[in-house]
2 protein chains.
Amino acid sequence: MAKNGNISTSVIKRLPRYYRFLGELEKQGIERISSRELSEMMKLTASQIRQDLNCFGGFGQQGYGYHVASLRDEIGHILGVDKEFPTILIGAGNLGKAIAMHINFGTRGCRLAGIFDANPRLTGETVGSIAIRHTDEIEEFCKEEHPVIAVLCIPKANTQAIADKLVELGIKSFWNFSHYDLTIDHKGIEVENVHLGDSLLTLTYRTNQLGKAEDE
Amino acid sequence: MAKNGNISTSVIKRLPRYYRFLGELEKQGIERISSRELSEMMKLTASQIRQDLNCFGGFGQQGYGYHVASLRDEIGHILGVDKEFPTILIGAGNLGKAIAMHINFGTRGCRLAGIFDANPRLTGETVGSIAIRHTDEIEEFCKEEHPVIAVLCIPKANTQAIADKLVELGIKSFWNFSHYDLTIDHKGIEVENVHLGDSLLTLTYRTNQLGKAEDE
DNA sequence: TAGATTGTTAATCGATTAACAATC
DNA sequence: TAGATTGTTAATCGATTAACAATC
């Protein structure tokens, strides 16, 4: 299997969604599904599903379809849900705490190993079962625990500097929630910028368009 | 101006980013910028920028470029930042509170008018300056205040039912954070699904690929 | 075997990039 | 005017969809 290699990002971005839908199907006790049935559930074309899955290998069987449980396992494995990338979160404000509590890192190949904040008043406070450390301790922590992923929930002014520092300390991937477009020029570093504000603005745009259509 | 109409979603999704970068430039006191300069900052092509902006009108001037402040204003207007869509947020758990506190609704064409939670113990507690109401009050609230946008920070099991109810109460647009793919079949309803877990999972995938490349 | 449904190739569609005439 | 840079058309590229032979 896994004739992996250069998969387009369009495909990659659909994989977690397949994974979720297959999880639901499995939970409902459904054993097999055809690309056509799945396409109706997910509101995309059967062709696209078959095309996407075939980037990684022939997971289906002619005349039968796909075995839900094993397809889900395959996709999970491709995504890396069976990994345990040590992960740190920087910035334990409203958003940082919420991300720490709300996201199940464990089911997504990550292990949340440490939380840091520059505010000494937060030091020692716990989020879930994890104590907040002061940011001064990041360096030592990285040398001991070798985290690979950093979640950034910090003000935009500090983001680039902190990220550069973290790269030196061995961080390979950033999940960036600050209102700043993080770019790292070193290669071998991955960045996922989440811009919640941008997401809301596109909804505002579409809401506004609804009103205009009415007027015609 | 505004030869608006059927703009592709690829373009729409880039608009908030243009808006942010132009805001930064304006803050730095930069008056004019060419598509080439902007393309270098934003890491996309000058051609794409000119193409994108021309969907809406000729905002530039040959031989000069674009006037930063007025281009920003134009894009802001297109996005609808000058609107005040009344917005309600349902689910005042970790994530709901964080969204309420962390997102500046006002600068994005929205006015956060109410926060609701099913847990009566939260009723009366304030988030920012807004008191949490019990979900039983949503109906009355909608009849009085006519909110247009709903932010859903609720468990996936309830999402579809609550959304359907809200459509009846006049909500036009959903910003959905639940781990559920909300689809509304009524037309004239907009949905923006935010799947933070999916976002993390694509980062896990890429992090995993980094390790593999090393082995070659 | 016959029916169903995949894997895969070919056709279409849309988005991005390149090029250049228009024009400030 | 000459130089710069847009607006816009044409060319390219990539992603999606359609079609169908392979095969379970």
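The shown structure was predicted, so the numbers you read here are calculated from the model rather than taken from an experiment. These numbers come from the heavy atoms of this one structure, side chains and all, not from hydrogens, waters or symmetry mates. Letters go in sequence order (proteins before strands), and every chain restarts at 1.
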Between [X] and [N], is there a contact of a side-chain N or O with OP1 or OP2 at under 4.0 Å?
| X | N | answer |
| --- | --- | --- |
| A:R50 | C:dT6 | yes |
| A:S35 | C:dT6 | yes |
| B:Y66 | D:dG7 | yes |
| B:T45 | C:dT17 | yes |
| B:R14 | C:dT16 | yes |

d([atom1], [X]; [atom2], [N]) in whole Å:
| X | N | atom1 | atom2 | value |
| --- | --- | --- | --- | --- |
| B:L71 | D:dT6 | CG | C1' | 13 Å |
| B:Q48 | D:dG7 | CD | P | 15 Å |
| B:F59 | D:dT5 | CZ | C1' | 17 Å |
| B:E40 | D:dT5 | CD | P | 11 Å |
| B:I49 | D:dT6 | CD1 | P | 9 Å |
| B:N6 | C:dG14 | CG | C1' | 14 Å |
| A:H67 | C:dT5 | NE2 | C1' | 17 Å |
| A:R36 | D:dA18 | CZ | P | 15 Å |

- Mark yes or no for whether A:Q160, through its side chain, and A:T183, through its backbone, hold a donor-acceptor pair below 3.5 Å.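 Yes; at least one donor-acceptor contact below 3.5 Å.
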- Check: A:N94 side chain, B:H102 main-chain N or O, donor-acceptor pair, under 3.5 Å: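 Such a contact is absent between A:N94 side chain and B:H102 backbone.
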Nearest to the [X] side chain among [options], which nucleotide is it?
| X | options | answer |
| --- | --- | --- |
| B:S47 | C:dT6, D:dA15, C:dA19 | C:dA19 |
| B:S34 | D:dT17, C:dG7, D:dT6 | D:dT6 |
| B:Q62 | D:dA19, C:dC24, C:dT6 | C:dC24 |

- Task: Tell me yes or no: between the side chains of B:Q48 and B:T45, is some donor less than 3.5 Å from an acceptor?
- Result: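 There is no such pair between these side chains.
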- Message: Side chains of A:H195 and B:R17: any donor to acceptor distance under 3.5 Å?
- Response: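 No - no donor-acceptor pair under 3.5 Å links their side chains.
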- Please tell me which of A:Q51 and A:Q61 maps to the more 5' nucleotide of DNA chain D, matching each residue to the nucleotide holding its nearest heavy atom.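 Going by which nucleotide is closer to the 5' end, it is A:Q51.
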- 5' priority, DNA chain D, between A:V11 and B:A46 [closest heavy atom]: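 Between the two, 5'-proximity favours B:A46.
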- Query: So what's the dot-bracket for DNA chain D: Watson-Crick or G-U pairs under 3.5 Å, [ ] if a pair crosses, | if it pairs off-strand?
  - Reply: ..||||||||||||||||||||||
- Kindly check if the number of other-residue, nucleotide or ligand heavy atoms within 6.0 Å of NE2 (A:H67) is above 12?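 Counting neighbours around NE2 of A:H67, more than 12 heavy atoms of other residues, nucleotides or ligands fall under 6.0 Å, so yes.
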- Task: Any chance you could measure A:E40, atom CD, to A:L38, atom CG, to the nearest 0.5 Å?
- Result: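 With rounding to 0.5 Å, CD (A:E40) is 10.0 Å from CG (A:L38).
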- Flag the pair B:D185 and A:K43 as a salt bridge only when some basic side-chain nitrogen lies within less than 4.0 angstrom of an acidic carboxylate oxygen.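 Salt bridge flag = yes for A:K43 with B:D185.
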- Task: Identify whether NZ of Lys or CZ of Arg in B:R32 sits under 6.0 Å from the centre of the six-membered ring of B:Y66 and within 45° of that ring's axis.
- Result: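 The answer is no; the distance or angle limit is not met.
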